[in-house]
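Remember, predicted model here, so these are calculated numbers, not experimental data. When reading the values below, keep in mind they use all heavy atoms of this one structure, side chains included, and skip hydrogens, waters and symmetry mates.
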Amino acid sequence: QVQLVESGGGLVQAGGSLRLSCAASGRTFSYYTMGWFRQAPEKEREFVAVITRSGGATYIADSVKGRFTISRDNAKNTVYLQMNSLKPEDTAVYYCAADLKTVGWGTRATEYDYWGQGTQVTVSS
């Protein structure tokens with residue numbers, strides 16, 4: 001089975017930047033569509049970004065478009081989320097997820113087969 005481990009979260013002031021990493025083990029990383037989601041306390045898990053197997057196509061949620069970028073390095077079995085111009089409303093636990101079937105658009109949490117444990121991002125005002 002695939003294991004995913006997020007890292008790079010922390011505390012940052014509004015306007016600052018963080019880069020999250022998600023390291024994968026198990027099945028060949030390049031087989032999976034990879035996504036990032038986030039969840040604030042008592043809120044529904046929210047789509048953030050998705051990237052195709054080859055990295056040739058991405059889609060970013062409107063709420064973070066222009067500020068966040070998703071990328072992957074298949075040689076390193078790692079997917080990244082670069083977060084710039086952070087706002088307090090970005091505060092959440094951020095999760096990476098892997099989708100082997102790749103039959104949907106990649107924007108629904110229910111499409112994904114494997115999830116990491118999450119990394120906390122806190123943006124202070």
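- Checked by atom type and distance alone, the side chain of Thr119 pairs as donor or acceptor with a backbone atom of Gly9 at under 3.5 Å.
- The minimum heavy-atom distance between Met83 and Leu86, with the atom names listed, is CB-CD2, 3.8 Å.
- Counting heavy atoms from C-beta on, the side chains of Arg38 and Tyr95 never come closer than 4.5 Å.
- No donor-acceptor distance shorter than 3.5 angstrom exists from the side chain of Tyr32 to the backbone of Ala97, with no hydrogens or angles considered.
- A distance of 5.0 Å separates CG in Asp73 from OH in Tyr80, rounded to the nearest 0.5 Å.
- With hydrogens and angles ignored, the 3.5 Å screen pairs no side-chain donor or acceptor of Glu6 with any backbone N or O of Ser21.
- Under a 3.5 Å cut-off, the side chain of Asn74 and the backbone N or O of Val79 do not form any donor-acceptor pair.
- Leu100 and Val2 fall within a single hydrophobic cluster, where Ile, Leu, Val, Met, Phe, Trp and Tyr are joined by side-chain heavy atoms under 4.5 Å apart, directly or via other members.
- Of the possible donor and acceptor atoms, one in the side chain of Thr91 sits under 3.5 Å from a partner among the backbone N and O of Val123.
- Taken from CD1 in Ile60 to CG in Leu81, the straight-line distance is 7.5 Å, to the nearest 0.5 Å.
- At least one donor-acceptor pair closer than 3.5 Å links the side chain of Arg67 to the backbone N or O of Ser63.
- Panel note: side chain Arg72, backbone Phe29; a donor-acceptor pair is recorded below 3.5 Å.
- A 6.0 Å sphere centred on CD of Gln3 holds no more than 12 heavy atoms belonging to other residues, nucleotides or ligands.
- Remark: Asp90 CG to Thr122 OG1 distance equals 11.0 Å, nearest 0.5 Å.
- A 6.0 Å sphere centred on NZ of Lys43 holds no more than 12 heavy atoms belonging to other residues, nucleotides or ligands.
- Using a 4.5 Å heavy-atom threshold, the side chains of Val48 and Val64 count as touching.
- Side chain of Thr110 to main chain of Arg108: no donor-acceptor pair is present (N/O by atom type, distance under 3.5 Å, no hydrogens or angles).
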Subject >> Check against ring pair (Phe, Tyr, Trp, His ring centres under 6.0 Å), Trp36 and Phe47 >> reply: CA-CA 7 Å; Trp36 284 97; Phe47 168 75; over 10 Å; no

May I have the list of side-chain donor-acceptor pairs in residues 12-20 shorter than 3.5 Å, sequence neighbours left out?
from: Ser17; atom 1: OG; to: Asn84; atom 2: OD1; distance (Å): 2.9

**OP:** Apply the test side chain to side chain contact (heavy atoms under 4.5 Å, CB included) to residues Tyr94 and Gln39: give CA-CA distance (whole Å), side-chain angles for both, the deciding distance (0.1 Å), then the verdict.
**Re:** CA-CA 7 Å; Tyr94 284 71; Gln39 189 165 23; over 6 Å; no

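- With contacts defined as side-chain heavy-atom distances shorter than 4.5 Å, the pair Tyr59/Trp105 does not qualify.
- One N or O on the side chain of Glu111 and one on the backbone of Gly106 form a donor-acceptor pair closer than 3.5 Å.
- Within the 3.5 Å criterion, the main-chain N or O of Tyr31 finds a donor-acceptor partner in the side chain of Arg53.
- Atom CD of Gln120 has more than 12 neighbouring heavy atoms from other residues, nucleotides or ligands inside a 6.0 Å radius.
- The distance from the CE atom of Met34 to the OH atom of Tyr112 is 8.5 Å, given to the nearest 0.5 Å.
- Linking ILVMFWY residues whenever their side-chain heavy atoms come closer than 4.5 Å, directly or via other members, leaves Tyr114 and Phe37 in distinct clusters.
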